[in-house]
Amino acid sequence: MRLFCLLMAAVGIQAHLTPINYLNAECLGNVIRLSVAPPFEEVDAVFNDTQIINLTPGLATQCGFSFKFDPMGNAMFFASLQNCFSQNMDDKLFSLVIQFRLPGNHMTEDPVYRVGKTCSYTPWTSREILCDRNYMEVSVRRTLPDSQTFPEQPTGGPKARSGNLRRGADAVASGYKMTAVVFSPSKKVMKVDEVQRKGYAIANTPTRLVLRSPHNAEETYLQNVAGVPMRVLSTSTFFEQKWLVTRVDATAVCPTPGAVAFTPEVITWYMPKHIDPLISSDAFTMLEVYMGIDAKRLDTEEMAARNYSVLVTEAHIIVEIPVGAVGGYFKSHIQDDQYFVTYTIEPMLELLWIEEVSHEDTRYKVLFPITTPPMARPPQVHNYTPLDAVPEQAVFMLELGTFNLDVELLNITFPTMVLTVAECNTRGFNVQEERSLDNTLKTFRMEVPFSDPVVFKEKRPEQGVTTFTLQLIYGLVILPEYAPFSHSAVVDAVLLDIVPPSVTGNCDQENFYITVDYRNQEPFFVVLVGKRLLNHELAQQYITEGDTDFTITLPFSSPDAVFESFHSSSVRSRLDVALLNPYNNMTLKYFSLACSFLKTLTECFSNGTMTALAVKVESAPSLNPSQLTLSDPACGPTYSDDRLAYFHFTVNSCGTTRKFINNVMLYENIISLPDELEVKINATTSSEDEYQLKVSCYYVVNATRTLAFLTRLRDNVPFAETGTGRLTVRMRLAQDASYNTFHQEEDYPVVRYLRQPLHFEVELTKSSDPKVALVLDHCWATLNEDRDSRPRWNLIINGCENPEDPYRVVFPPVVADARVHFPPHVKRFEVHMFSFTNDAVEPSGQVFVHCDVVICDASSPSDGPCSGQCVNQDNPKRGMSGFMLFRPCQTITELIGSLSTGQRHVKDFFEEHHLYVSSGYILWV
C-alpha cells in the first residue's frame with residue numbers, strides 16, 4: 001500500500017481565523033486523523049470552500065466521522081477516507097476540509113480554524129471493513145460492467161448546515177441504478193431513500209460500493225463468534241437496468257464491549273481469528289496482523305516499550321494492555337461522594353487475509369475504545385507533622401491524595417470558616433499542588449501553624465503534653481464537567497511541654513559512644529538502639545550513667561549496628577538511636593552515627609594461602625552469608641553466621657585466576673552467590689543490590705601485605721585493594737650430578753680441581769603455582785663478589801651457552817621426584833672449573849658466579865627469555881686443571897615490584913619478572 005499525505009494550507013473564510021495551539025493531521029491507511037489541543041464547540045465539514053455542513057453526532061456517525069476527548073481537553077478527530085464530504089478522485093486521492101469552531105464570547109463571533117488534508121490510498125482490497133467507536137463501514141469492489149459516473153456532490157448555499165447524503169446513491173453504470181437494499185437475516189427490503197432516513201449511509205464511488213451503519217442500528221444483530229459477541233450488518237444491494245438486475249453483497253462485523261476482560265492490572269481483548277460471517281470456509285490465510293493506538297500502527301519496539309502484547313492462537317487474536325500503560329489516560333468519577341477512576345485506551349487491530357477458493361482479500365481494521373470498570377481510589381490524608389518542635393513553632397504538614405490531573409481543589413472548610421485556596425495562602429497555610437515525576441498524578445499539600453485559631457488545643461498536665469487537633473473538609477471538583485465532591489479529615493499531634501533531650505556521639509577504633517543529655521529533667525522517654533528497645537538487661541551491658549545524661553557504648557560489630565560498606569582495610573558501620581514518647585510511640589529524637597573502623601579483612605600468605613572475610617551489608621538484607629561461594633561454587637566459607645562468612649583457600653584452587661603485571665603476580669577470586677540463588681533473590685526482591693566481592697593478592701619479594709575490598713551498589717562492581725606476597729630464589733652447589741645432596745654451610749670451603757664439573761641448581765621457593773616457570777637468563781663469573789666488576793666471563797647468554805666458551809655449559813633435565821614437586825621451578829647447569837688467565841691479571845684461585853633469572857607464565861610462553869631454555873650442544877674440553885673453593889651465597893635476591901591499590905583492570909599480555917642470584921667466591925688450586 002502506498003500512502004501519500006499532503007497537509008493543505010488553511011483556507012480563508014469570512015469568519016475570523018484564530019491560531020490553534022496544536023494541530024496535527026495524518027493519513028493512516030483508510031483513516032484521516034486530526035489531533036487538536038484546545039477544546040472546540042463544534043466541527044464543520046467544508047465542501048468546495050462554500051458549503052459548510054455541521055457535523056452533529058448523528059450526522060458524524062452516518063457519514064464516517066468520530067471524536068474523542070481526554071480529561072485535559074485534547075481532542076482527536078477521525079474520518080473514514082470514504083466519508084460523505086471528502087472529494088474522491090478515482091478512488092485514489094481523497095481531500096477533506098474541516099473547520100473547528102472555538103469557544104468565543106457574547107460580544108464577538110465564535111472564532112474558527114480551518115484545515116485540509118489530502119491522502120492517497122492504493123491499492124484497495126476486494127473488501128475493506130472499518131469499525132470505529134460509533135459506526136461500522138464496509139466497502140466492496142463493485143463489479144458492474146463498463147464506465148460509471150462520479151457521485152453527486154452535496155447541495156446548498158455558502159452557509160448550508162447539512163449535506164445531501166444520497167450523493168452516489170443514484171450513480172449509474174451502463175444504465176444500472178441502485179434501487180433497493182435487503183437486510184439479512186430479517187429479509188427486510190428498503191428503498192435507498194428509506195435506508196438514508198433510517199440513519200444508514202450508502203454510496204457508490206467510481207469503483208466501490210460503501211455501506212455504513214451505527215453499531216446499534218435496527219437491522220444489525222449480535223452473533224457469538226468463537227465465544228466473542230460480535231455486531232453484524234449483512235446486506236444485499238440491488239442494481240437494475242431495463243431488463244437486468246444485479247446484486248452486490250456487503251457484510252460488516254465489529255466487536256462489542258463483551259470482547260474484553262479486565263483485571264486490576266491488565267486489559268485483555270479477544271478477537272476471533274476466523275470471523276464466521278466474513279469468511280466462507282476454513283481455507284484462508286492470515287497475511288498481516290498489526291496493532292496500534294488511536295488508528296496508528298506500532299512497531300514491535302514501541303509495543304515492547306509500552307508492555308503491549310499480541311498473541312495469535314488457533315481461535316483468537318489476543319491483545320493485552322497493562323492498566324495505566326502509555327497511550328491511554330485515567331479519568332476521575334464520583335459515585336455516592338466516593339472517588340473512582342477509570343482507564344481508557346483505544347487500541348487498533350488491523351488484519352489482512354485472503355480466501356483460498358475465491359482469491360478475494362479483506363482488510364479489516366478495528367478502532368476499539370476500551371474503558372475499565374470504575375476502580376475505587378479513596379483519598380488519604382498523610383500527616384507529616386514533625387513532633388520535635390516546641391508548640392509555638394510547630395506546623396501541621398498535611399498531604400491529600402492521590403488524584404488524577406482532572407481534579408482541582410476549590411476550598412477547605414474549617415469548624416469556624418470556609419476558605420478558598422487563595423484565602424488559605426493569604427492566611428499563611430501554603431496550599432500547593434504537587435505532581436508526580438511522570439506528570440500523571442497530583443496531591444495537595446498544606447501547612448497550618450499550631451498557633452492558628454482553626455487548630456484546637458488541649459493541655460494534659462498529668463502527662464506533660466499538649467494535644468493539637470485540626471478538623472477540615474476538602475472541597476474538590478472534577479473537570480471539565482465540574483462534578484463536586486469532598487473529603488473530611490481529622491488530624492492531631494501530641495507535643496511534650498518540656499524541652500527534648502540532646503543526643504551526641506563519636507567513635508574510636510572499636511566502639512560507638514552515644515551520649516543522651518536530658519537537661520536536669522527526669523527521663524521521659526524510651527530508647528531504641530538499632531531495632532531493639534533498651535531494656536534493663538541491655539542497659540546493664542551498654543549504658544554508663546551520669547548526673548543528667550547517660551552514654552551508650554556499643555562495639556561496631558554488635559548486632560544492633562549495621563554494616564554500610566567496606567573500604568580499603570576498613571569497614572563502615574552505623575548505629576541508629578531513637579528516643580520515643582512512651583504514650584504514643586512517636587519519635588522525639590532520632591540520631592544516627594556512622595564511622596569507619598580499620599580492620600584487616602583479607603590476608604595473603606607467602607605459602608600461597610589467602611583468607612577473606614565477607615560481611616552482610618545493609619544494601620543486601622536478605623543475604624545468607626553461608627550461601628556465598630568463591631568463583632568455584634564448590635568452595636564455600638570455612639565459617640559463617642548470619643552476619644559474615646570466612647574463606648580460607650590457596651591461590652591455585654577455587655577458581656582463582658592469575659595474571660602478570662609489572663613484575664607482579666596477581667591472584668584474584670570473586671565471592672558471590674551462586675547464579676541460581678542470585679536469580680531467585682532478584683525475582684523476589686528486584687530492588688536488592690547484587691552481592692559480589694572481588695578479592696586479590698599480589699606477590700612481591702620481602703613484603704606480604706593485606707588485601708581489603710569495597711562493597712558497592714549494584715550499578716558499581718565492587719573492587720578490591722590488592723595485597724602483596726613474597727617470592728625467593730636460591731642457588732646451591734650439588735655434591736654430584738645426581739643433585740640429591742647439596743653442600744651445607746659447614747662444608748665450605750669446597751675444593752675443586754680445574755676442569756672438574758660443578759653442579760649448580762637454581763630454585764624458586766615458597767611458590768606452589770604450577771603455572772609459573774623459572775628461566776636462567778644470564779650467568780657469568782667474576783673475580784670478586786661485585787656482580788658488575790671486571791674481568792667477567794659469560795657462562796649463559798640470553799638463556800643459552802656462551803658460543804665463545806670452549807667448555808660450554810650443560811643443562812641437565814629436571815624431573816619431578818620426592819624433593820622437586822614443580823620441575824618448572826628448578827633449573828640446573830653444569831660448569832667445568834676454570835680460572836681467569838690474562839696478561840694483565842695474575843691467575844687467581846677466587847671466582848664468583850652470578851645469575852639473572854626470569855619468572856615466566858609456563859602456560860603462555862612468549863618471545864624473549866620466556867620462550868624457553870636452550871638445548872644442550874656437544875661441549876669441547878678445557879685444558880687447565882686445578883681446584884676451587886665454593887662458599888654459599890650470603891644474600892638471596894628477591895622479586896621486587898608494586899601495584900597501585902584499587903586497580904580493577906589488568907592487561908592480558910605477558911610481562912617478564914627478573915630476579916638475580918650470586919654464589920660466594922670460588923677458589924681453585
Side-chain angles (χ1 to χ4, degrees), residues 503-516 527-532 534 538-544 550-578 590-605 610-621 623-626 628 637-648 669-672 689 691-697 703-714 716-724 900-904:
V503 183
T504 58
N506 59 74
C507 306
D508 60 16
Q509 290 303 310
E510 296 293 335
N511 299 311
F512 294 101
Y513 299 94
I514 308 293
T515 300
V516 180
V527 182
L528 188 69
V529 178
K531 295 183 179 180
R532 292 196 293 174
L534 192 65
L538 290 178
Q540 286 185 326
Q541 181 180 354
Y542 292 152
I543 284 185
T544 303
F550 60 86
T551 298
I552 302 172
T553 303
L554 192 78
F556 80 95
S557 58
S558 167
D560 297 303
V562 296
F563 295 120
E564 288 186 334
S565 60
F566 298 95
H567 300 276
S568 57
S569 301
S570 69
V571 57
R572 186 168 180 83
S573 183
R574 189 186 77 245
L575 178 62
D576 300 324
V577 174
Y590 175 80
F591 184 80
S592 181
L593 178 63
C595 299
S596 294
F597 298 88
L598 296 175
K599 294 297 168 187
T600 299
L601 302 174
T602 300
E603 291 185 285
C604 311
F605 299 94
M610 297 173 61
T611 64
L613 186 67
V615 183
K616 181 177 180 178
V617 290
E618 185 181 28
S619 59
L623 175 71
N624 182 353
S626 66
L628 293 171
T638 305
Y639 167 81
S640 65
D641 58 22
D642 61 345
R643 303 191 78 205
L644 60 86
Y646 177 77
F647 294 85
H648 184 279
N669 209 311
I670 294 177
I671 299 175
S672 63
D689 298 326
Y691 194 95
Q692 187 179 86
L693 303 177
K694 181 181 290 186
V695 294
S696 306
C697 285
T704 301
R705 302 193 184 113
T706 302
L707 163 114
F709 50 79
L710 172 66
T711 180
R712 293 187 175 177
L713 297 181
R714 190 185 198 110
N716 299 311
V717 178
F719 73 92
E721 296 288 344
T722 309
T724 62
S900 60
T901 61
Q903 184 168 350
R904 299 177 57 186

Quiz item: Partners of Thr553 by side chain to side chain donor-acceptor pair (under 3.5 Å), sequence neighbours excluded?
Solution: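 Scan of Thr553 (side chain to side chain donor-acceptor pair (under 3.5 Å), adjacent residues dropped) gives none.
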Taking atom [atom1] of [X] and atom [atom2] of [Y], what is their separation to the nearest 0.5 Å?
X: Phe591; Y: Thr504; atom1: CZ; atom2: OG1; answer: 6.5 Å
X: Thr515; Y: Asn506; atom1: OG1; atom2: CG; answer: 7.0 Å
X: Glu510; Y: Ser557; atom1: CD; atom2: OG; answer: 8.0 Å
X: Leu601; Y: Ser570; atom1: CG; atom2: OG; answer: 7.5 Å
X: Cys595; Y: Phe556; atom1: SG; atom2: CZ; answer: 11.5 Å
X: Asp508; Y: Tyr513; atom1: CG; atom2: OH; answer: 3.5 Å

Could you check whether any side-chain heavy atom of [X] comes within less than 4.5 Å of a side-chain heavy atom of [Y], counting everything from C-beta outward?
X: Leu538; Y: Arg532; value: yes
X: Leu644; Y: Tyr639; value: yes
X: Thr611; Y: Thr638; value: no
X: Val529; Y: Ile552; value: yes
X: Ile670; Y: Gln692; value: yes
X: Leu534; Y: Ile543; value: yes
X: Ile671; Y: Val695; value: yes

Distance-minimising heavy-atom pair for [X] and [Y]:
X: Ser573; Y: Ala561; answer: OG-CB, 3.6 Å
X: Asp576; Y: Ser592; answer: OD1-OG, 2.7 Å
X: Ser696; Y: Cys604; answer: O-SG, 4.0 Å
X: Pro555; Y: Asn511; answer: CA-OD1, 3.2 Å

Quiz item: Which residue, Arg574, Arg572, Arg643, forms the salt bridge (charged side-chain N to carboxylate O under 4.0 Å, His left out) with Glu618?
Solution: Arg574
Exercise. List in chain and number order the residues that pass ring pair (Phe, Tyr, Trp, His ring centres under 6.0 Å) with Tyr542, two or more places apart in sequence or in another chain; answer none if no residue qualifies.
Key: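 So Tyr542 forms no ring pair (Phe, Tyr, Trp, His ring centres under 6.0 Å) with any residue.
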Quiz item: Leu554 and Asp560: side-chain contact (heavy atoms from CB on, under 4.5 Å), yes or no, with the steps?
Solution: CA-CA 8 Å; Leu554 192 78; Asp560 297 303; 4.1 Å; yes
Quiz item: Should Leu628 and Leu623 be marked as a side-chain contact (heavy atoms from CB on, under 4.5 Å) after you check the CA-CA gap, both sets of side-chain angles, and the distance that decides it?
Solution: CA-CA 9 Å; Leu628 293 171; Leu623 175 71; 3.9 Å; yes
Quiz item: Taking Lys616 for the side chain and Asn624 for the main chain, is one N or O donor matched with an acceptor at less than 3.5 Å?
Solution: no
Quiz item: Ring centres of Phe597 and Phe512 under 6.0 Å apart?
Solution: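 When the ring centroids of Phe597 and Phe512 are compared, they turn out to be within the sub-6.0 Å range.
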